[in-house]
Asks: 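Submitted below is the structure of interest, expressed as C-alpha cells.
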Amino acid sequence: MRLGINLGYWGAGMDGDNLAVAQEADRLGYDVCWAAEAYGSDAPTVLSWVAARTESIDIGSAIMQIPARRPTMTAMTAATLDSLSGGRFRLGLGVSGPQVSEGWYGVKFDKPLARTREYVEIVRAAMSRDRVSHEGEHFTLPLPGGPGKPLKLTVHPQREHIPLYIAAIGPKNLEQTGEIADGALLIFPAAEHLEETALTHLRAGREKAGLTMDGFDVCPTVPLAVGDDVPALADQFRPYTALYVGGMGSRRQNFYNRLACRMGYEKEAAEIQDKYLAGDKAGAAASVPHQLIDSTTLLGSVERIADRMQAYAGAGVTTLTLAPAGLTLEQRVASLRAGVDALERAGLAE
C-alpha cells in the first residue's frame, strides 16, 4: 500500500506550510500529493507550484471540478501539467455538489453520471491526441452549423496515458467509476465497511468493462492525528465530520449523509443534519458518534495507526492518502513522519 498526502484547500493562512509539507512528503517517499478546489484556490495552479519545488512525488487534483471547465480545457491543463512535471500528474475529477455547481459556476446539477461519462470520454480522446468530435446530451464538439472543425491537442503529454481518477461516493457513481476510470477517490472510508460501501460497486463496474481490480487505484483520504488520547484526538474532527454529514449539499441531496447511513448511522446522521441545517453547528458536532470518527480516521499511537493501516490494506486500499492534523508546520510534519513509521511497522511499505 502506498501513501499520499492531501493538502486540502490553499489560502487558509498556511500556504508556505503547505509547500513545506509537500516537500517533506516528497523527501519521505510519499507517492502522490493531492490538492483540492471548491470556490477558492484552484487545484492546477497549486499543483504547478508544488511540482516546480519537488523532485519525485506525483501531483494530483482531488478534484478538478467538472462544472468549472469544458472537458477540452481540462485535457489541455492535464497535458500541460504532465509535461511540466516530467510525467507526474494524476487527473482527479468530480461533479462537486449542487450548491457549488449551481451557485458558483451556474451549471445545473442534473444527470451527474451521464455528464461525467461524456466528460471523461472527451478528456480521454483529447489527451490521446485524437481529433475531438463528440455528439452527446451534455457536450457537442464541434458545434453544428458553424466554422468549427474537429481539432486535436497540440501539446504532447509526458506519458501516453495520464491516470484518471473520479471522486465517487454513491453506488451508481462508484460502479461507473470502476468502469471508466483508473482509480477512485474516496472520502470517509471505514475499513470494516469498505467492501459494501465501495469495493462491491467498483468491482461491478470493472467487470462491466471486462476488467479486474488489478491496476485500479483505490485511494481514500483519511485524516491523521497522532497522540495518546484517542477521544481527544477524535474530538478535533467533530466539526469536520458534522460539516460533511450535516451541511454539505442539501437536505434532499447530501452524498456524505447517505454514506453515513449506509455504514449504519441512520439515526445519528439525521440528527446531525437536523442540527446543522438549523444553525446549531456545535450541537451537530456533539452528535457525531465517536465510532464514526474513529473508523474513518487514523488516530492514536503509531502502533494503533499501523493496525488501522493493515485493516485498510486488507480491505483493498492501494493508496492511502493522509490529511495530517495540526495547527503548526512542526505538528503536520511530525504526522507525516509517523505515517511512514506506521506503514513500515504494518509491513506494508514497498
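Every heavy atom of this structure was used, including side-chain atoms; hydrogens, water molecules and symmetry mates were not. The structure presented is a predicted model; accordingly, all values stated were derived computationally and were not measured. Index from 1, following the sequence.
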Asks: With Asp280, which residues qualify under side chain to side chain donor-acceptor pair (under 3.5 Å), at least two apart?
Replies: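 Asp280 satisfies side chain to side chain donor-acceptor pair (under 3.5 Å) with no residue once adjacent residues are dropped.
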Asks: Only counting residues at least two apart or in another chain, list the ones meeting side chain to side chain donor-acceptor pair (under 3.5 Å) with Glu118.
Replies: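 In terms of side chain to side chain donor-acceptor pair (under 3.5 Å), with neighbours along the sequence ignored, Glu118 is linked to His134.
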Asks: Where do Leu233 and Ala225 come nearest, in terms of heavy atoms and distance?
Replies: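 The pair with the smallest heavy-atom distance is CD1-O, 3.7 Å.
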Asks: Identify the two heavy atoms, one from Thr221 and one from Ala323, that lie closest to each other, and give their separation to 0.1 Å.
Replies: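 Result for this residue pair: CG2-CB, 4.2 Å.
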Asks: Tell me, with the steps shown, if Leu298 and Leu322 meet side chain to side chain contact (heavy atoms under 4.5 Å, CB included).
Replies: CA-CA 9 Å; Leu298 293 172; Leu322 308 181; 3.6 Å; yes
Asks: If Ile, Leu, Val, Met, Phe, Trp and Tyr residues are connected whenever their side-chain heavy atoms lie under 4.5 Å apart, and connections chain through other members, are Val222 and Leu202 in the same group?
Replies: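 Yes, because Val222 and Leu202 connect within a single hydrophobic cluster, where side-chain heavy atoms sit under 4.5 Å apart.
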Asks: Under a 3.5 Å cutoff, is there a donor and acceptor pairing between the side chains of Thr319 and Arg2?
Replies: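 A donor-acceptor contact under 3.5 Å links the two side chains.
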Asks: After noting the C-alpha distance and the side-chain angles of Thr177 and Phe216, does the key distance pass the side chain to side chain contact (heavy atoms under 4.5 Å, CB included) rule?
Replies: CA-CA 10 Å; Thr177 295; Phe216 187 85; 4.2 Å; yes
Asks: Linking I/L/V/M/F/W/Y whenever their side-chain heavy atoms sit closer than 4.5 Å, directly or via other members, would Ile122 and Leu153 fall into one cluster?
Replies: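 Result: no, two separate clusters.
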Asks: Strictly by ring pair (Phe, Tyr, Trp, His ring centres under 6.0 Å), give each pair with a member in residues 227-258 just once, sequence neighbours left out.
Replies: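 Matches after skipping sequence neighbours: Phe188-Tyr240, Phe188-Tyr244, Tyr240-Tyr244, Tyr244-Tyr256.
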Asks: Checking Thr318 now: which residues fulfil side chain to side chain donor-acceptor pair (under 3.5 Å) with it, not counting sequence neighbours?
Replies: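 Expected list: Asp217.
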Asks: Please list every donor-acceptor pair under 3.5 Å in which a side-chain atom of residues 83-96 meets a protein atom from a residue at least two apart or in another chain.
Replies:
from, atom 1, to, atom 2, distance (Å)
Ser85, OG, Leu81, O, 2.8
Ser85, OG, Asp82, O, 3.4
Ser85, OG, Arg88, N, 3.0
Arg88, NE, Ser85, O, 2.9
Arg88, NH1, Thr54, OG1, 3.0
Arg88, NH1, Ile57, O, 2.7
Arg88, NH2, Ala51, O, 2.9
Arg88, NH2, Thr54, O, 3.4
Arg90, NE, Asp58, OD2, 2.9
Arg90, NH1, Tyr165, OH, 3.1
Arg90, NH2, Asp31, OD2, 2.6
Arg90, NH2, Asp58, OD2, 3.2
Ser96, OG, Gln65, OE1, 3.1

Asks: Hey, which of Glu175, Glu196, Glu195, Glu179 is the one that makes salt bridge (charged side-chain N to carboxylate O under 4.0 Å, His left out) with Arg203?
Replies: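 Exactly one option meets the salt bridge (charged side-chain N to carboxylate O under 4.0 Å, His left out) with Arg203, and it is Glu195.
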Asks: Run Asn18 and Arg332 through side chain to side chain donor-acceptor pair (under 3.5 Å) and show every step you take.
Replies: CA-CA 9 Å; Asn18 274 337; Arg332 297 172 74 196; 2.7 Å; yes
Asks: List the residues meeting ring pair (Phe, Tyr, Trp, His ring centres under 6.0 Å) with Tyr119, not counting sequence neighbours, and say none if there are none.
Replies: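 Tyr119 satisfies ring pair (Phe, Tyr, Trp, His ring centres under 6.0 Å) with Phe139 once adjacent residues are dropped.
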Asks: Is it possible for you to say whether Ile63 and Ile66 belong to one hydrophobic cluster, with membership spreading through side-chain heavy-atom contacts below 4.5 Å?
Replies: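 Hydrophobic grouping puts Ile63 apart from Ile66.
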Asks: Heavy-atom distance under 4.5 Å between the side chains of Asp182 and His161, does that happen here?
Replies: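 Sidechains of His161 and Asp182: in contact.
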